[in-house]
Enquirer: 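Below are the structure tokens for one structure; questions will follow.
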Amino acid sequence: MIAGIFILMFALLFLGVPIGSAIGIPVAALIGVTQVTSFEYIAQFLYTKMADFTMLSLPFFLLAGDIMDGGGLSKRMVGIADALIGNVTGALGMITIVACMFFGAVSGSAPATVAAIGTIMVPQMVHEGYDKGYAIGLTCVAGGLGIIVPPSFPMVLYGVTNGVSIGDMFLAGWGPAFVVGAVLIIINYWLCRTRNYKSPIPKETSLKKFGAALWDGKWALFMPVLILGGIYSGAFSPTEAGVVSCVYGLIVGLFLYKELDIRTIIPMFKNKVNFLGGMMFCFAPAGALGAVFAYLGYTTAIKNFFLNISTNPYIIVLLIYAFLFIAGMFVQTAPIIVIISPLLLPVATAVGIDPIHFGIIITLALAVAFVTPPVATNLFVGASMTGISIDKISRAAVPFIAGLVLAEIIVGFVPGISMVMVKLFG
């Protein structure tokens with residue numbers, strides 16, 4: 001029956017039915033056939049899922065990313081990364097990767113990171129001799145750091161869905177973020193050296209220049225320090241941190257950098273309302289489907305299926321990655337976390353994988369999903385920004401996607417990378 005439910009869901013998605021309806025219809029069909037629970041309970045469940053206090057952090061973190069971009073904070077973060085890296089082979093590519101890490105430390109969204117950093121860096125890279133496909137391909141993959149560097153939209157969603165501490169998830173994200181960033185920087189350096197991508201005008205690099213960039217961007221750089229420091233110190237919850245990030249971004253953008261005004265702020269709020277309405281319409285029925293699966297015992301059946309193949313944690317990690325890689329090509333982020341992660345978490349814990357580390361495994365797999373067609377949100381953002389076809393961007397991004405996959409395997413096989421910060425500060 002579970003196969004029939006997924007076939008129905010994918011068929012509806014293929015026909016262009018909105019995602020929320022494509023998930024909700026199989027839920028109704030499953031309840032109607034099995035009578036496992038009542039429709040009244042499902043209605044109550046839908047409301048409870050959407051009314052979760054921690055869920056309020058998602059719209060605020062996503063809005064904070066738009067405020068940072070419009071208020072000039074992301075531009076100054078790029079300036080700091082530029083002054084930090086200086087005049088080395090592949091410098092602009094490295095700056096793009098580091099800037100994505102800086103921006104991800106507040107936005108929590110991969111597409112938002114691609115849009116904000118790509119708007120600044122892609123034209124500059126093309127101007128200095130980089131292939132346009134290479135520039136946007138790198139940016140699309142590096143944008144995945146937006147969900148790996150805390151705070152992260154998928155980490156919040158995973159924590160809410162599976163009852164895992166969001167603060168611990170944020171702590172666990174730092175080690176993997178540096179591994180992914182380092183792998184992408186090495187690949188960028190090697191490709192730039194091979195293709196002779198060098199700036200035609202050598203840049204001045206000095207401690208004075210870096211100090212000037214740091215001073216100009218101090219308010220932008222203080223934002224992730226304030227947000228993450230507040231969460232880790234216990235000064236405020238992740239939801240309150242989302243509100244603080246928006247208020248801080250508005251104050252800096254309006255009164256310090258003076259690049260925001262009411263005319264630009266109102267469209268930001270309108271755009272996010274439309275986006276979040278669609279996201280919640282996906283999230284609620286996806287959670288209901290996961291609950292029905294649990295009632296029917298599918299969680300145990302799936303756990304037994306995986307454990308009958310192997311009880312070796314490394315094999316299980318590879319199987320989970322393979323499963324998520326395929327699922328991520330066709331299903332968006334929220335349904336994967338809400339439907340699939342509760343089904344796979346018992347498999348992971350059965351072979352000794354910590355739920356926090358498993359959340360990082362899910363997050364890294366989703367970073368790959370953002371750049372693997374046909375449902376590759378980052379690639380669509382890159383294509384809309386540059387007018388380059390998805391096909392060309394995909395080909396240019398292949399080396400970086402391979403690096404991202406390598407990094408996720410390293411992190412999956414070495415739990416200490418994600419757990420060390422949790423053990424030290426959790």
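All residue numbers refer to positions in the sequence shown, counting from 1.
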Enquirer: Can you tell me if R193 has over 12 outside heavy atoms packed within less than 6.0 Å of its CZ?
Expert: no
Enquirer: Could you measure the distance from the OG1 atom of T239 to the CD1 atom of I166? Nearest 0.5 Å is fine.
Expert: 7.0 Å
Enquirer: For the pair D354 (side chain) and I356 (backbone), establish whether a donor and an acceptor sit closer than 3.5 Å, ignoring hydrogens and angles.
Expert: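 Here the side-chain-to-backbone pair exists.
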Enquirer: So F102 and P224, do their side chains get closer than 4.5 Å, heavy atoms only?
Expert: no
Enquirer: Can you check whether I148's main-chain N or O pairs, donor with acceptor, with S152's side chain at less than 3.5 Å?
Expert: no
Enquirer: Can you tell me how far apart NE2 (H127) and CG (L92) are? Round to the nearest 0.5 Å.
Expert: 10.0 Å
Enquirer: For the backbone of L184 and the side chain of N188, can you confirm whether one donor and one acceptor N or O come within less than 3.5 Å of each other?
Expert: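 It does not hold such a pair.
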Enquirer: For a quick test of your reading: what N or O donor-acceptor pairs under 3.5 Å do the side chains of residues 312-325 make, sequence neighbours left out?
Expert:
{"from": "N312", "atom 1": "OD1", "to": "Y314", "atom 2": "N", "distance (Å)": "2.8"}
{"from": "Y321", "atom 1": "OH", "to": "E408", "atom 2": "O", "distance (Å)": "2.6"}

Enquirer: Would the distance check show the side chain of T311 and the main-chain N or O of L307 forming a donor-acceptor pair, the cut-off being under 3.5 Å?
Expert: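 Not at all, since once roles are kept as given, no pair shorter than 3.5 Å links the two residues.
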Enquirer: For G230, is there any backbone N or O sitting under 3.5 Å from a side-chain donor or acceptor partner on S233?
Expert: yes
Enquirer: For V98 and A81, which heavy atoms make the closest approach, and how far apart are they?
Expert: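 Smallest interatomic distance, heavy atoms only, reads CG1-CB, 3.9 Å.
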Enquirer: Please enumerate all residues that pass side-chain hydrogen bond (donor to acceptor under 3.5 Å, both in side chains) together with S237, with sequence neighbours excluded.
Expert: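 Testing S237 for side-chain hydrogen bond (donor to acceptor under 3.5 Å, both in side chains), a comparison that skips the adjacent residues, returns E240.
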Enquirer: Less than 4.5 Å apart, any side-chain heavy atom of I360 and any of M169?
Expert: yes
Enquirer: Run the numbers on L145 and I97 for side chain to side chain contact (heavy atoms under 4.5 Å, CB included), then give the verdict.
Expert: CA-CA 8 Å; L145 287 162; I97 296 165; 3.9 Å; yes
Enquirer: With a 4.5 Å cut-off on side-chain heavy atoms, are P151 and P238 touching?
Expert: no
Enquirer: Are the side chains of S341 and I337 in contact, using a 4.5 Å heavy-atom criterion?
Expert: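 Result yes, sub-4.5 Å side-chain heavy-atom pair found.
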Enquirer: Using 0.5 Å steps for rounding, measure from the CD1 atom of I393 to the CZ atom of F380.
Expert: 10.0 Å
Enquirer: Would you say K258 has more than 12 foreign heavy atoms packed within less than 6.0 Å of its NZ?
Expert: no
Enquirer: Give a yes or no on whether W219 atom CH2 has more than 12 heavy-atom contacts from other residues, nucleotides or ligands under 6.0 Å away.
Expert: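 At most 12 heavy atoms, drawn from other residues, nucleotides or ligands, come within 6.0 Å of this atom.
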Enquirer: Looking at L250, I227, I67, L228, which hits side-chain contact (heavy atoms from CB on, under 4.5 Å) with S245?
Expert: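 Running side-chain contact (heavy atoms from CB on, under 4.5 Å) over L250, I227, I67, L228 with S245 returns exactly one hit, I227.
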Enquirer: Got R76 and Y257 here, is their nearest side-chain heavy-atom distance under 4.5 Å?
Expert: yes
Enquirer: Under the side chain to side chain contact (heavy atoms under 4.5 Å, CB included) criterion, do L404 and F400 qualify, and how do the steps go?
Expert: CA-CA 6 Å; L404 188 55; F400 300 107; over 6 Å; no
Enquirer: With sequence neighbours excluded, what pairs up with D391 under the side-chain hydrogen bond (donor to acceptor under 3.5 Å, both in side chains) test?
Expert: R395
Enquirer: Under a 4.5 Å cut-off applied to non-hydrogen side-chain atoms, are P355 and L345 in contact?
Expert: yes
Enquirer: What is the distance from atom CG of L226 to atom CG of L221, rounded to the nearest 0.5 Å?
Expert: 12.0 Å
Enquirer: Taking all non-hydrogen atoms of both residues into account, name the closest pair between Y134 and A396 and its distance.
Expert: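 Reported closest heavy-atom pair: N-CB, 3.9 Å.
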Enquirer: Check residues 210-217 and write down every donor-acceptor pair under 3.5 Å in which the side-chain atom is one partner and the other belongs to a residue at least two apart or another chain.
Expert:
none

Enquirer: How close do C246 and A64 get, heavy atom to heavy atom, and via which atoms?
Expert: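 Minimum heavy-atom contact is SG-N, 3.8 Å.
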Enquirer: Which heavy atom of L260 sits nearest to which heavy atom of L254, and what is that distance?
Expert: O-CD2, 3.3 Å
Enquirer: Please check this pair: side chain of Y130 against backbone of I136, looking for a donor-acceptor N/O pair closer than 3.5 Å.
Expert: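 It does not hold such a pair.
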Enquirer: How close do M421 and L171 get, counting heavy atoms only, and between which atoms?
Expert: CB-O, 3.3 Å
Enquirer: I would like to know whether V149 and W174 meet side chain to side chain contact (heavy atoms under 4.5 Å, CB included); could you show each step before the answer?
Expert: CA-CA 6 Å; V149 177; W174 284 108; 3.8 Å; yes
Enquirer: With a cut-off of 6.0 Å (strictly less than), are more than 12 heavy atoms of other residues, nucleotides or ligands near CZ of F236?
Expert: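 Counting neighbours around CZ of F236, more than 12 heavy atoms of other residues, nucleotides or ligands fall under 6.0 Å, so yes.
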Enquirer: Given the rule in the side chain to side chain contact (heavy atoms under 4.5 Å, CB included) test, do V225 and F222 qualify, once you have shown the distances and angles that lead to the verdict?
Expert: CA-CA 5 Å; V225 175; F222 183 66; 4.2 Å; yes
Enquirer: Are any of the side-chain heavy atoms of S389 and K392 separated by less than 4.5 Å?
Expert: yes
Enquirer: Could you measure the distance from the CD1 atom of I80 to the NZ atom of K218? Nearest 0.5 Å is fine.
Expert: 10.0 Å
Enquirer: Taking side chain as C-beta onward, heavy atoms only, is T96 less than 4.5 Å from M125?
Expert: yes
Enquirer: Test: ring-ring contact (aromatic ring centres under 6.0 Å, His included). Region: residues 331-369. Which pairs qualify, not counting sequence neighbours?
Expert: none
Enquirer: If you look at every heavy atom in P154 and L366, which pair is closest and at what distance?
Expert: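 P154 and L366 have their closest heavy atoms at CB-CD1, 4.0 Å.
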Enquirer: Can you list the residues that meet the ring-ring contact (aromatic ring centres under 6.0 Å, His included) rule with F269, with sequence neighbours excluded?
Expert: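 F269: no ring-ring contact (aromatic ring centres under 6.0 Å, His included) contacts found.
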Enquirer: Give, for atom CG of L343 and atom CZ of F306, the distance between the pair rounded to the nearest 0.5 Å.
Expert: 9.5 Å
